Amino acid sequence: MTVAEPQSADFIRTIIANDTKANKWGGRVVTRFPPEPNGQLHIGHAMSICLNFGVAAEFGGRCHLRFDDTNPVKEETRYVEAIKTDIRWLGWDWGEHEYYASDYFDALYQWALQLIKAGKAFIDDQSPDQIRETRGTLTSPGIDSPYRNRGIEENLNLFDRMKSGDFSEGACVLRAKIDMGSPNLNLRDPVMYRILHTPHHRTGDKWCIYPMYDFTHGQSDSIETVTHSLCDTGYADHRPLYDWYLDELDVYHPQQIEFARRNLTYTVMSKRKLNALVEGDHVAGWDDPRMPTLSGLRRRGYTPESIREFCRRIGVAKRESRDDISLLEHCLREDLNKRAPRVMGVLQPLKVIIDNYPEDRVESLDAINNPEDPSAGTRQVPFSRELFIERNDFREDAPRKFFRLAPGREVRLRYAYFITCTDVLKDDSGNVVEVHCIYDPATRGGDSPDGRKVKGTIHWVSAQHALDAQVRAYEHLFSAPDPENAPEGQDYTSNLNPESLMVYESCKIEPSVADSTPGYRMQFERQGYFCVDPDSEPGKLVFNRTVGLRDSWAKVQQKSKP
RNA sequence: UGGCCCGUAGUGUAACGGUAGCACCCCAGUUUUUGGUACUGGUAGUCCAGGUUCAAAUCCUGGCGGGCCAGCCA
């Protein structure tokens with residue numbers, strides 16, 4: 001366990017604290033995170049990961065990473081690797097405790113035999129359709145299978161032949177003998193084993209029968225002497241079955257506790273829908289920076305610390321909820337504000353010429369790397385006669401509350417000089433293409449000796465020293481807080497935000513970041529936090545906008561519009 | 001219509017049966033060489049109806065509302 005941040009007591013931590021105090025498990029706390037390797041982890045999983053690993057760390061216990069790999073037709077090794085990468089990146093360490101449900105196939109098989117011998121399980125020859133039809137409905141009981149009372153020897157023999165590959169898929173299954181009349185569907189003689197002539201990513205072709213989730217999970221917890229088996233509320237109805245298997249088998253019996261799954265505004269979370277976004281080319285892949293996957297968030301520039309803090313703040317509860325993505329973004333900015341070095345970068349360049357500045361002069365100016373962290377030091381930024389500023393930092397028709405550059409207005413160039421706009425050049429269609437200014441040599445560094453104040457400070461980049469770059473700016477993937485809430489007859493894809501990706505070419509960045517490598521995070525002053533994308537190459541920089549700075553000017557403009 | 005779980009500001013989350021608090025969002029202001037950060041203040045809440053009690057967000061009953069469950073998926 002590498003990360004143990006303080007956490008207020010939620011209902012699960014309260015239960016564990018009480019158990020520990022009562023010495024219920026001999027003081028032990030063992031949890032587990034049990035992903036199925038059939039897809040990538042997302043922000044919803046992060047909450048479960050932080051809960052399981054966090055609780056273990058706080059109580060001096062341990063958390064196992066266990067792959068729930070009982071369905072070879074859906075699982076792949078590449079997902080095992082991706083999941084391990086994501087959990088490590090988040091900051092958690094399972095040490096030696098990396099397990100696979102498939103490692104327990106032999107034990108599970110023996111347990112199945114035990115239940116058959118006890119007359120608690122039988123081979124059912126009914127077809128999948130027949131089983132479904134005789135299961136009953138939510139309001140009516142099911143009916144017993146005609147094979148329910150087969151003799152133990154016959155069941156043993158049939159199960160052995162299932163294992164030997166004598167039957168085709170779907171020909172028969174092993175079912176637990178519980179109660180077809182139970183109001184809990186999970187107890188209506190649930191399937192324990194099915195035939196699957198598919199090689200498994202770890203056991204190869206050793207098996208052609210595979211245990212179902214319910215017959216696997218509890219026993220796996222038992223083998224690992226898990227104390228608290230935390231899962232989402234979708235499994236609450238399975239708890240009686242979890243308990244039934246463990247009781248009938250008379251083995252070590254962990255406690256299953258359910259917590260509510262979470263949703264996030266402006267995104268979707270299910271593996272199915274995430275996969276559909278990838279397959280439908282709505283995003284570039286599982287790690288598209290707009291995706292809520294951990295790989296997507298990582299590429300976007302999110303820090304693992306911010307995600308952990310987010311999970312800490314949303315807490316744990318039993319009611320399903322939708323967390324505001326603004327809280328996640330807040331946690332991100334809070335973290336990056338303290339750590340990200342500042343740099344000047346212009347997304348939409350507008351040329352500025354300082355007419356009274358010598359043509360061949362270049363100055364090197366001091367710039368603070370991070371005002372929140374003096375130890376980050378300073379750097380030198382080149383200044384010259386021709387600069388680029390942000391296009392929206394200049395307006396010909398500046399309203400009174402506009403503090404930036406405009407004809408006749410004076411502003412401060414960050415860490416450089418006060419400049420005053422004297423002239424504007426336009427193209428044939430009337431677009432401003434060049435702004436002329438004069439500077440005040442006495443304001444070098446950004447302070448005026450006469451105490452004169454300017455309302456605005458803008459960022460800039462020396463034209464001859466600027467690095468060209470591409471910047472990818474992202475907005476929420478969906479334009480509705482709950483994408484599921486779609487117009488009649490349409491689905492969540494109708495809520496996809498057409499402007500979720502905005503690509504800026506020919507951006508101008510100060511030279512200090514020339515050698516930064518993929519993953520490097522920084523703040524472009526006054527704009528937001530950015531990171532170098534893996535697509536970046538020397539001489540052809542590509543940045544992702546991780547998240548913008550809060551922008552109160554945008555709010556002012558927004559209010560004066562409608 | 002069966003079973004299980006759950007209802008506290010807009011959102012999320014606290015409160016031995018005893019002053020409904022915190023965070024995000026939003027609004028106003030102070031500071032500021034980032035219209036950032038920081039700081040100050042503000043708006044806003046116990047689903048409804050009964051009952052128990054000196055006292056109910058908390059306990060009981062009944063409504064209402066939401067979620068999950070009818071894979072040989074997990």
Side-chain angles (χ1 to χ4, degrees), chain A residues 8-10 34-36 38 68-71 73-75 101 124 126-128 131-133 135-142 169-175 182-188 190-196 209-210 212-214 216-217 231-240 258 260-262 265 271 310 313-331 333-334 337-338 342 344 367-368 371-372 401-404 412-416 418 443 445-447 454-459 481 523-528 548-556:
Chain A
S8 69
D10 49 65
E36 181 186 16
N38 70 341
D68 230 327
D69 55 352
T70 58
N71 185 357
V73 327
K74 291 187 175 178
E75 297 145 8
D124 194 345
Q126 291 184 109
S127 69
I131 289 182
R132 178 166 41 74
E133 286 158 13
R135 183 159 23 233
T137 68
L138 294 178
T139 53
S140 62
E169 291 185 9
C172 53
V173 290
L174 179 67
R175 288 230 256 172
S182 172
N184 183 338
L185 290 280
N186 296 116
L187 263 23
R188 318 243 263 228
V191 172
M192 294 164 61
Y193 266 92
R194 79 289 212 184
I195 298 167
L196 251 27
I209 56 172
Y210 293 91
M212 298 289 288
Y213 164 85
D214 286 302
T216 305
H217 206 85
C231 59
D232 76 65
T233 52
Y235 294 97
D237 286 342
H238 294 246
R239 178 158 29 89
E258 308 88 16
R261 121 188 343 127
R262 327 275 309 195
T265 56
K271 279 183 189 171
F310 171 71
R313 292 203 200 185
I314 60 178
V316 181
K318 298 186 79 165
R319 63 178 144 151
E320 187 158 334
S321 51
R322 185 174 298 280
D323 299 298
D324 201 326
I325 196 167
S326 64
L327 177 60
L328 211 210
E329 293 174 339
H330 169 82
C331 294
R333 291 193 188 98
E334 184 178 61
N337 177 50
K338 289 180 298 191
R342 272 60 168 173
M344 291 194 283
I368 294 169
E372 305 295 319
K401 282 174 151 179
F402 184 82
F403 303 149
R404 285 109 99 141
R412 173 190 294 112
L413 291 178
R414 180 92 157 142
Y415 299 127
F418 285 12
T443 57
D447 281 311
V454 286
K455 291 284 276 185
T457 299
I458 63 176
H459 60 277
Q523 181 194 99
F524 285 177
E525 294 219 29
R526 304 206 306 132
Q527 306 207 78
L549 253 24
R550 289 186 72 228
D551 188 352
S552 52
W553 167 239
K555 284 178 189 170
V556 171

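Numbered from 1 within each chain, the chains take letters A, B, ... in sequence-line order. Worth saying up front: this structure is predicted, and the values here are computed from it rather than measured. Values below: all heavy atoms of this structure, side chains included; hydrogens, waters and symmetry mates excluded.
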**Student:** Does A/R194 make a side-chain N or O approach to OP1 or OP2 of B/C73 shorter than 4.0 Å?
**Tutor:** yes

**Student:** Can you tell me whether the side chain of A/R333 and the base of B/G36 have a donor-acceptor pair closer than 3.5 Å?
**Tutor:** no

**Student:** Choosing from B/G36, B/G35, B/C68, which nucleotide comes nearest the side chain of A/E372?
**Tutor:**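 From the listed options, B/G36 comes nearest.
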
**Student:** Hey, is the side chain of A/S552 poking within less than 4.0 Å of OP1 or OP2 on B/G36, counting only N and O atoms?
**Tutor:**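 Result: yes.
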
**Student:** Could you give the CZ-to-C1' distance, from A/R239 to B/G3, as a whole number of Å?
**Tutor:**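 The answer, rounded to whole Å, is 13 Å.
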
**Student:** Please answer whether B/A74 and A/Y213 are stacked, defined here as ring centres separated by less than 5.5 Å and planes angled under 30°.
**Tutor:** no

**Student:** For A/D323, run the salt bridge (charged side-chain N to carboxylate O under 4.0 Å, His left out) check against A/R261, A/R262, A/R313 and tell me which one passes.
**Tutor:** A/R262

**Student:** What is the separation between atom CZ on A/R262 and atom P on B/C24, rounded to the nearest whole Å?
**Tutor:** 17 Å

**Student:** Go through the N and O atoms of the side chain of A/E334 and the base of B/U37, and report whether any donor-acceptor pair is under 3.5 Å.
**Tutor:**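 No, the side chain and the base share no sub-3.5 Å donor-acceptor pair.
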
**Student:** Using heavy-atom distances to pick each residue's nearest nucleotide on RNA chain B, tell me which of A/D69 and A/A317 is more 5'.
**Tutor:**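 By nearest-heavy-atom nucleotide position, the 5'-most residue is A/A317.
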
**Student:** Please evaluate the base of B/G3 for a donor-acceptor partner in the side chain of A/D237 within a cut-off of under 3.5 Å?
**Tutor:** yes

**Student:** So A/Y213 and A/H238, would you call those rings parallel, tilted or perpendicular, with 30° and 60° as cut-offs?
**Tutor:**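 Aromatic pair A/Y213/A/H238 classed perpendicular.
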
**Student:** Using the P atom as the reference point in each nucleotide, state the distance between B/G12 and B/C68 in Å, no decimals.
**Tutor:**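 It comes out at 16 Å once rounded to the nearest Å.
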
**Student:** CZ of A/F524 versus C1' of B/U34: gap in Å, rounded?
**Tutor:**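 One finds 14 Å between C1' of B/U34 and CZ of A/F524, rounded.
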
**Student:** Just the rounded figure in Å: distance from C1' of B/G36 to CZ of A/F403.
**Tutor:** 15 Å

**Student:** Could you tell me the separation between the CZ atom of A/R313 and the P atom of B/A14, rounded to a whole number of Å?
**Tutor:**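 Result: 15 Å.
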
**Student:** Roughly how many Å apart are B/G66 and B/C24, using the C1' atom of each and rounding to a whole number?
**Tutor:** 23 Å

**Student:** If you assign A/S140 and A/K318 each to the RNA chain B nucleotide with the nearest heavy atom, which residue ends up on the more 5' nucleotide?
**Tutor:** A/S140

**Student:** Mind checking the P distance from B/U52 to B/U61? Whole angstroms is fine.
**Tutor:** 15 Å

**Student:** Establish, with yes or no, whether the OP1 or OP2 oxygen of B/G67 is under 4.0 angstrom from a side-chain nitrogen or oxygen of A/R322.
**Tutor:**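 Answer no for this pair, as no side-chain N or O of A/R322 is under 4.0 Å from OP1 or OP2.
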
**Student:** Take atom P in B/A14 and the same atom in B/G7, then report the distance between them in whole Å.
**Tutor:** 10 Å

**Student:** What integer number of Å spans the P atoms of B/C5 and B/C73?
**Tutor:**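 One P to the other, the span is 28 Å.
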
**Student:** Is A/K555 near enough to B/C26 that one of its side-chain N or O atoms lies under 4.0 angstrom from OP1 or OP2?
**Tutor:** yes

**Student:** B/G71, OP1 or OP2 - any side-chain N/O from A/R175 closer than 4.0 Å?
**Tutor:**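 Looking at the OP1 and OP2 atoms of B/G71, neither is under 4.0 Å from any side-chain N or O of A/R175.
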
**Student:** Rounded to whole angstrom, note down the C1' distance from B/G21 over to B/U34.
**Tutor:** 34 Å

**Student:** Could you tell me the separation between the CZ atom of A/R550 and the P atom of B/C39, rounded to a whole number of Å?
**Tutor:**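 Going from CZ in A/R550 over to P in B/C39 covers 12 Å.
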
**Student:** In which ranges does RNA chain B form stems of 3 or more consecutive Watson-Crick or G-U pairs, distances under 3.5 Å?
**Tutor:** B:2-7 with B:64-69, B:10-13 with B:21-24, B:26-30 with B:38-42, B:47-51 with B:59-63

**Student:** Whole Å only: how far is the CZ atom of A/R412 from the P atom of B/U34?
**Tutor:** 7 Å

